[in-house]
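Just the heavy atoms: all of them, side chains too, but no hydrogens, waters or symmetry mates, feed the values below. Naming convention: chains lettered A, B, ... in sequence-line order (proteins, then strands); numbering from 1 in each chain.
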Amino acid sequence: MRAFDSSLPIDAVLADLTESLRARPNAVLVAPPGAGKTTRVPLVLLDEPWVQGKKLILLEPRRLAARAAADRMARTLGEAVGETVGLRVRLGSKISCKTRIEVVTEGVFARMILDDPSLEGVAAVLFDEFHERSLDADLGLALALDAQGGLREDLRLLVMSATLDGARVAGLLGGSPVIESEGRAYPVETLYLGRDPNRRIDEQVADAVTRALRAETGSVLVFLPGQGEIRRVETLLRERVTDPAIDIAPLYGALERGEQDLAVSPAKPGRRKVVLATSIAETSLTIEGVRVVIDSGLARVPVFEPDIGLTRLETVRVSRAAADQRRGRAGRTEPGVCYRLWEEAATGALEAFARPEVLSADLAPLLLDCAAWGVTDPASLAFLDKPPKPAVKEARALLQQLQALDDEGRITETGRRLRDLPLPPRLGRMVLIAGESGQARDAADLAAVLVERGLGGDVVDLSERVERFRRDRSKRAEDMRRMAEGWAKAAASSANGEKHSSGALLTLAYPDRLAKARGKPGEYLMANGRGAALEPHDRLAKEPYLAIAEISGGAASARVLAAAPIAPDEIEAFLGDKIEQRQEVTFDRQARALRARAVRRYGAIALNERPLRVPETEEAARALATGLVSLGIDGLPFSKALAQWRERVMFLRKAEGEEWPDLSDEALVATAEEWFAPHLVGKAGINDIGADLLSEALRSLLPWNLQRRLDAEAPTHFEVPTGSEIPVDYGSEEGPVLAVRVQELFGLDKHPTIAAGRVPLVLHLLSPAHRPIQITRDLPGFWRGSWAAVRADMRGQYPKHPWPEDPLTAPPTRRAKPRGT
DNA sequence: CTCTCCCT
């Protein structure tokens with residue numbers, strides 16, 4: 001076997017590995033960071049008999065990692081990259097006829113195997129850092145296994161991983177052996193600082209940083225979930241850290257290249273650094289001099305929501321594997337220390353590994369690649385985790401809408417052209433169709449600022465971002481301009497059409513996100529039915545229509561991140577075939593009336609409308625009925641008599657049972673279409689509805705055979721001994737109430753009842769001045785009992801009224817005693 | 001808890 005100058009932990013297992021791969025085509029190698037697998041394994045395998053003049057392909061998840069691996073291997077051989085060891089990444093390749101090991105990024109490999117499924121001239125594919133479980137790595141492995149199953153039984157596949165549970169992937173590889181290696185790292189002491197849920201994470205992190213700067217030597221690397229937290233911690237630290245020998249450097253993806261380099265470079269002699277980073281610093285890059293890691297334990301991850309076809313960000317607890325990876329950054333060059341912002345006991349509750357990308361990503365690109373491979377259902381390929389069905393369904397629907405797939409899910413000619421463009425399918429379609437009218441370059445520049453975060457600044461207005469991008473002289477902008485030029489060339493036709501706005505072009509990619517201004521400034525409604533908002537002072541906030549490309553946040557607080565204005569005539573030109581003309585009748589709660597309109601509608605958006613007369617249909621009547629009752633039964637024009645009638649019926653329902661109709665608020669709301677709507681045909685609103693109409697509608701609920709019983713058993717009035725007809729109050733909680741001056745009841749020896757004698761009236765006995773004296777359900781008992789005391793009390797107060805000793809024999813009266821008696 | 005990371 002090939003000899004190396006220095007020894008690495010991986011050397012101990014290299015013999016096992018080569019022996020295994022001679023015997024069977026697939027193997028899994030589990031080796032922690034520092035083992036040396038990336039640089040040693042490909043060089044050792046190169047001398048194996050089964051390679052025989054063929055090539056090895058090594059997959060790396062990032063360009064940075066690919067370049068570093070190629071560099072290190074070439075240096076081991078005393079060569080430059082591009083000789084025995086080559087490199088193939090999106091921007092630029094270094095390959096020659098001498099090249100035997102190609103180091104490629106995972107995305108490049110997916111493209112290679114799709115273009116050449118038999119992988120001609122390739123002896124083995126080595127998947128490095130497979131534990132990161134990127135979509136491209138999962139897809140690449142699935143396709144390679146498929147190729148191995150049919151076209152290339154001799155192809156060798158080696159999956160290398162730092163923290164994977166090896167058994168699962170070995171199963172996927174047909175029960176291949178798992179070879180394990182030791183790693184090499186310096187010890188890192190772990191301190192658990194805990195987390196106070198009542199304080200902001202930013203402040204607790206800042207506290208931990210100041211504490212670490214006092215207690216430890218060396219530079220500090222802080223892991224935070226995102227840009228917002230990084231900026232807030234930075235502000236806190238600039239206030240608190242007064243030592244001029246300490247530099248604070250943020251580090252995240254959208255940052256300018258120069259600032260990133262500043263953060264990654266070692267601290268200057270005699271100085272210390274505090275690097276505030278996202279998970280960008282978790283793998284691959286090493287910052288010299290870091291011996292303290294502070295881990296917030298949080299990460300921001302994308303979550304695709306199939307229902308709305310949108311990717312949203314979520315802040316989550318990191319996995320145990322990621323937390324260990326973060327801690328390991330403190331022990332790269334010397335022993336270190338890691339402060340964790342959670343309780344030690346909480347570590348066990350963390351997920352073991354991060355969610356593989358395939359489980360939460362937008363699967364449209366994957367589905368298109370599968371279709372290009374000839375597979376309409378990705379579940380038929382060997383994925384370690386099956387692509388989830390809802391996301392597959394959404395991806396298929398989108399690709400069919402873009403005409404990239406046919407009804408059976410097979411790739412179309414348009415689909416092939418889309419796949420040739422290295423863009424997400426929506427943006428690819430925009431560039432292709434714009435190309436048909438000679439605007440490929442405008443569309444490509446738009447796609448560029450959408451694909452590359454931070455390019456052209458972060459103003460919402462995409463036209464402005466494109467202008468800035470075109471003037472930008474940075475390396476990144478130059479690279480992207482060259483790429484955009486390539487996309488445009490692939491899509492261009494000789495046609496020279498009318499020039500359209502950025503907004504119009506964007507509807508080619510995001511037809512479902514056309515938005516119309518709502519009442520309040522900055523608030524919009526999108527065609528997909530969801531709301532989105534701009535800052536009210538944003539220049540775009542005055543626009544009546546926006547073509548939105550990106551939004552953030554949950555359903556309640558979606559914010560517009562990237563958009564361009566679009567004119568009504570462009571909406572007609574670009575989306576005209578999907579605009580529907582409809583007659584709509586809606587209930588206006590404010591006016592308590594129906595409004596009928598002829599509406600031209602695109603999805604959830606009403607583009608324009610004109611008022612119509614309310615149609616005299618049953619459907620309109622139903623809408624009015626349910627609309628009016630939804631505002632409350634009390635709001636209907638009840639006469640006093642009708643209100644009492646309703647209470648009487650309800651009283652009998654309670655007293656006698658459900659043969660009596662239910663007239664409660666809930667029941668009337670629920671059945672409005674039956675009792676109310678038939679009376680509302682031809683009516684437009686509350687002003688057309690009088691007490692008589694309501695009475696007729698409600699009284700129709702009472703069957704005719706019950707109407708006579710109603711009068712008999714729940715009379716509107718009760719006749720007392722004086723002959724007075726006193727109204728009964730059926731609305732009272734305590735039961736039907738008869739409020740009557742006590743003198744009018746003289747002579748009555750039985751308690752008054754209703755409901756065929758079953759229900760006693762609640763008697764409110766009143767003084768001559770209509771003040772309440774007593775409440776009783778037993779009048780004879782009252783005469784016998786309390787009357788004497790009442791009489792004694794009242795006689796003084798009302799001397800002119802009769803207070804006889806025996807009320808049963810006294811004549812009832814409405815008046816005071818006749819003068820002189 | 002107001003946009004993570006990477007790639008064709």
Side-chain angles (χ1 to χ4, degrees), chain A residues 59-66 88-93 104-115 129 132-140 195 197 199-205 223-233 251-255 260 277-285 296-304 310-318 322 354-355 357 360-362 365-366 368-369 372 418-425 427-428 447 450-454 458 460 483 486-487 490 532-535 549-554 556-562:
Chain A
L59 267 55
E60 293 293 332
R62 281 169 294 282
R63 289 200 288 254
L64 198 71
R88 207 193 280 266
V89 294
R90 176 167 69 169
L91 295 168
S93 304
V104 309
T105 40
E106 289 161 349
V108 169
F109 176 69
R111 200 138 284 246
M112 283 171 74
I113 191 169
L114 281 162
D115 290 341
E129 315 280 11
E132 292 192 13
R133 295 296 309 281
S134 76
L135 198 56
D136 283 329
D138 276 5
L139 174 66
R195 168 83 205 272
R199 292 183 59 211
R200 295 186 65 114
I201 187 78
D202 323 332
E203 288 179 14
Q204 291 179 66
V205 168
F223 284 101
L224 288 158
Q227 197 176 324
E229 290 84 353
I230 287 175
R231 287 301 171 192
R232 287 195 293 270
V233 172
L251 176 60
Y252 49 87
L255 210 57
Q260 284 189 352
T278 60
S279 49
I280 190 173
E282 213 165 274
T283 50
S284 302
L285 60 93
S296 68
L298 300 173
R300 201 114 62 215
V301 297
V303 179
F304 181 66
L310 209 71
T311 299
R312 170 174 75 67
L313 288 172
E314 227 172 58
T315 307
V316 299
R317 301 199 154 280
V318 293
R355 235 164 180 259
E357 201 182 351
S360 49
D362 175 5
L366 176 116
L368 189 59
D369 285 341
L418 275 187
R419 215 188 59 77
D420 287 341
L421 284 174
L423 281 170
L427 294 176
L450 286 169
V451 158
E452 187 71 19
R453 282 173 44 73
D458 56 4
V460 176
M483 279 188 31
W487 306 336
L534 283 166
E535 298 292 329
E550 286 176 356
I551 62 170
S552 79
S557 62
R559 201 157 56 97
V560 180
L561 297 175

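Judged purely by distance below 3.5 Å, without hydrogens or angles, the side chains of A:R453 and A:Y252 never pair a donor atom with an acceptor atom.
Each of A:Y252 and A:L421 lies near DNA chain B, and the nucleotide nearest A:Y252 is the one positioned closer to the 5' end.
With rounding to whole Å, A:D458 atom CG is found 12 Å from B:dT4 atom P. Atoms CG (A:L224) and P (B:dC1) sit 15 Å apart, rounded to a whole Å. Rounded to whole Å, atom C1' of B:dC5 lies 15 Å from atom CG of A:D362. Between the C1' atom of B:dC6 and the CZ atom of A:R133 lies a distance of 16 Å, rounded to the nearest Å. Between the CG atom of A:L251 and the C1' atom of B:dT4 there is a distance of 13 Å, rounded to whole Å. One interatomic measurement links the two molecules: CG of A:L313 to C1' of B:dC5, which rounds to 10 Å at whole-angstrom precision.
Using a 4.0 Å heavy-atom criterion, one finds that A:L423 contacts the bases of the nucleic acid, with or without backbone contacts as well. Nucleic acid contact for A:P197: none, since no nucleic acid atom lies under 4.0 Å from a heavy atom of the residue. Residue contacts shown for A:R419 are absent, as no nucleic acid heavy atom lies under 4.0 Å away. Counting non-hydrogen atoms under 4.0 angstrom, A:T278 reaches the backbone sugars and phosphates but no base. Among the heavy atoms of the strands lying under 4.0 Å from A:I551 is at least one base atom, whether or not backbone atoms are also near. Looking at heavy-atom distances under 4.0 Å, A:I280 makes contact with sugar-phosphate atoms alone, never a base.
Ion pairing between A:R62 and A:E60 fails under the 4.0 Å rule for side-chain N and carboxylate O.
Each of B:dT4, B:dT8, B:dC1 was ranked by its minimum atom distance to the side chain of A:T315; first place goes to B:dC1.
Annotation: proximity of residues 106-114 of chain A to DNA chain B (heavy atom, distance under 4.0 Å) is found for A:G107, A:V108, A:R111, numbered in ascending order.
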